[in-house]
Amino acid sequence: MPRLLHRRFFARSVHAVAPDLIGATLLYRGAGGTIVEVEAYDQTDPAAHSYRGRTPRNAVMFGPPGHAYVYRSYGIHWCLNLVCEPAGSAGAVLIRALQPTTGLPAMRRRRGTREERLLCAGPGRLCQALGITGDDDGRAFEPPWFELRARTTVPEVAVGPRIGISVAVEQPWRYGLKGSRFLSKPFAAA
DNA sequence: TGCCCGATTAACT
DNA sequence: GTTAATCGGGCAA
């Protein structure tokens with residue numbers, strides 16, 4: 001069984017952690033899969049929620065690394081982030097897509113679809129499939145709620161601009177498993 | 001207090 | 001390709 005990722009893994013720059021998460025396994029209460037898409041946000045980034053300083057919503061981003069920052073998007077969806085870097089630097093990695101491997105029936109039930117490709121393809125879908133909500137904001141990325149296991153081989157990682165933002169759009173801080181069919185959107189061909 | 005808009009998704013045309 | 005759904009955060013007044 002691959003080792004659990006621990007504090008030392010999270011306590012680095014989001015730009016180091018984000019690509020290293022591709023291929024890792026994320027489980028939440030017995031459901032989840034392989035991480036195939038993430039995006040990095042650091043405090044100096046105008047697209048980051050932490051950019052304008054600490055507020056009640058983003059407070060977890062300013063706390064210790066290795067915790068979940070969960071926020072509501074468009075008043076409808078939940079999005080899951082992993083807080084990184086030394087405490088106070090307010091960086092986080094948005095988990096955007098998984099290749100489902102575990103707990104498929106529960107995920108299908110929560111999503112209301114049998115289509116495996118779309119179960120966890122996108123930050124909102126992923127949280128719906130796993131049952132992640134605002135209650136998980138601030139929760140540690142470790143058992144019993146979360147389980148994050150290291151990858152056992154180094155995958156080919158694709159890089160490109162982030163999705164759905166209106167500032168800093170040129171920064172290539174989206175990372176994905178090259179060729180995966182479980183991405184929220186394909187990466188441009190190299 | 002009021003207004004605008006978003007780290008999205010699904011259902012349209 | 002376009003748009004509604006839906007609501008809290010952030011900023012102007």
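Below, read A as the first sequence line, B as the second, and so on, with proteins coming before strands; counting in each chain starts at 1. All heavy atoms count here, side chains included; hydrogens, waters and symmetry mates do not.
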(message) Testing L27(A), L21(A), I95(A) one by one against L148(A) for a side-chain contact (heavy atoms from CB on, under 4.5 Å), which residue passes?
(response) L21(A)

(request) With R174(A) as the cation and F187(A) as the aromatic partner, state whether NZ or CZ is under 6.0 Å from the six-membered ring centre and within 45° of the axis. (result) yes

(message) A cation-pi test, strictly: NZ or CZ of R162(A) under 6.0 Å from the centre of the six-membered ring of Y41(A) and no more than 45 degrees from its axis. Yes or no?
(response) yes

(message) If you define the side chain from C-beta out and look only at heavy atoms, does anything of Y69(A) sit under 4.5 Å from H49(A)?
(response)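 Side-chain contact under 4.5 Å: yes.
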
(request) Tell me which residues in residues 158-166 of chain A put a heavy atom below 4.0 Å from DNA chain B, sorted by number, or none. (result)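 The stretch gives I163(A), G164(A), I165(A), S166(A) as the residues lying under 4.0 Å from the strand, ordered by number.
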
(message) Would you measure the distance from the P atom in dT6(C) across to the matching atom in dG2(B) and give it in whole Å?
(response) 22 Å

(message) Could you tell me how far dC5(B) sits from dT3(C) if I compare only their P atoms? Round to whole Å.
(response) 15 Å

In whole angstroms, how far is the [atom2] atom of [N] from the [atom1] atom of [X]?
X	N	atom1	atom2	value
R57(A)	dC7(C)	CZ	C1'	11 Å
R54(A)	dG9(C)	CZ	P	15 Å
L94(A)	dG6(B)	CG	C1'	13 Å
Y51(A)	dG9(C)	OH	C1'	17 Å
I132(A)	dT8(B)	CD1	C1'	16 Å
Y74(A)	dA7(B)	OH	C1'	8 Å
E39(A)	dG6(B)	CD	P	15 Å

(request) Mind checking salt bridge (Lys or Arg N to Asp or Glu O under 4.0 Å) for D20(A) and listing every partner two or more places apart, or none if nothing turns up? (result) R12(A), R151(A)

(message) side chain to side chain contact (heavy atoms under 4.5 Å, CB included), that's the test. Do E85(A) and Q43(A) meet it? Break it down for me.
(response) CA-CA 11 Å; E85(A) 303 185 283; Q43(A) 196 180 3; over 6 Å; no

(message) Parallel, tilted or perpendicular, judged at 30° and 60°: which one describes the rings of F141(A) and F146(A)?
(response) parallel

Just by distance, do the side chain of [X] and the backbone of [Y] share a donor-acceptor pair under 3.5 Å?
X	Y	result
E37(A)	S184(A)	yes
D42(A)	H15(A)	no
E39(A)	Y175(A)	no

Output one line per pair: protein atom, nucleotide atom from nucleotides 9-13 of chain B, and distance, for all N/O pairs under 3.5 Å.
residue : atom : partner : partner atom : Å
dT9(B)  : OP1  : P123(A) : N            : 3.3
dT9(B)  : OP1  : G124(A) : N            : 2.9
dT9(B)  : OP1  : R125(A) : N            : 3.2
dT9(B)  : O4'  : H77(A)  : NE2          : 3.1
dA10(B) : OP1  : R111(A) : NH1          : 2.9
dA10(B) : OP1  : R111(A) : NH2          : 3.2
dA10(B) : OP2  : R125(A) : NE           : 2.6
dA10(B) : OP2  : R125(A) : NH2          : 2.5

(request) Taking atom types as modelled, find out whether R111(A) and Q128(A) have a side-chain donor-acceptor pair closer than 3.5 angstrom. (result) yes

(message) Can a side-chain donor-acceptor contact be found between S180(A) and Q99(A) if the only test is distance below 3.5 angstrom?
(response)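 On atom types as modelled, these side chains do not qualify, holding no pair under 3.5 Å.
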
(request) Would you please confirm or rule out a distance under 4.0 Å between OP1 or OP2 of dG9(C) and any side-chain N or O of H49(A)? (result) no

Which atom pairs link the protein and nucleotides 11-13 of chain C when you take only N or O atoms and keep those under 3.5 Å?
residue : atom : partner : partner atom : Å
dC11(C) : OP1  : R52(A)  : NE           : 3.4

(message) Going by centres under 5.5 angstrom and planes under 30 degrees, do the aromatic ring of Y71(A) and the base ring of dA7(B) stack?
(response)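 Y71(A) ring does not meet the centre or angle cut-off for dA7(B); no stack.
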
(message) Y28(A) vs D136(A), test: side chain to side chain contact (heavy atoms under 4.5 Å, CB included). Steps then yes/no.
(response) CA-CA 10 Å; Y28(A) 175 84; D136(A) 298 300; 2.6 Å; yes

(message) Could you work out, with side chain to side chain contact (heavy atoms under 4.5 Å, CB included) as the rule, every residue matching R29(A), not counting sequence neighbours?
(response)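 Counting only residues at least two positions away or on another chain, R29(A) forms a side chain to side chain contact (heavy atoms under 4.5 Å, CB included) with W145(A).
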
(request) State the dot-bracket string of DNA chain B. Criteria: Watson-Crick or G-U wobble, both atom distances under 3.5 angstrom; notation: ( ) intrastrand, [ ] crossing earlier pairs, | interstrand, . unpaired. (result) ||||||.|||||.

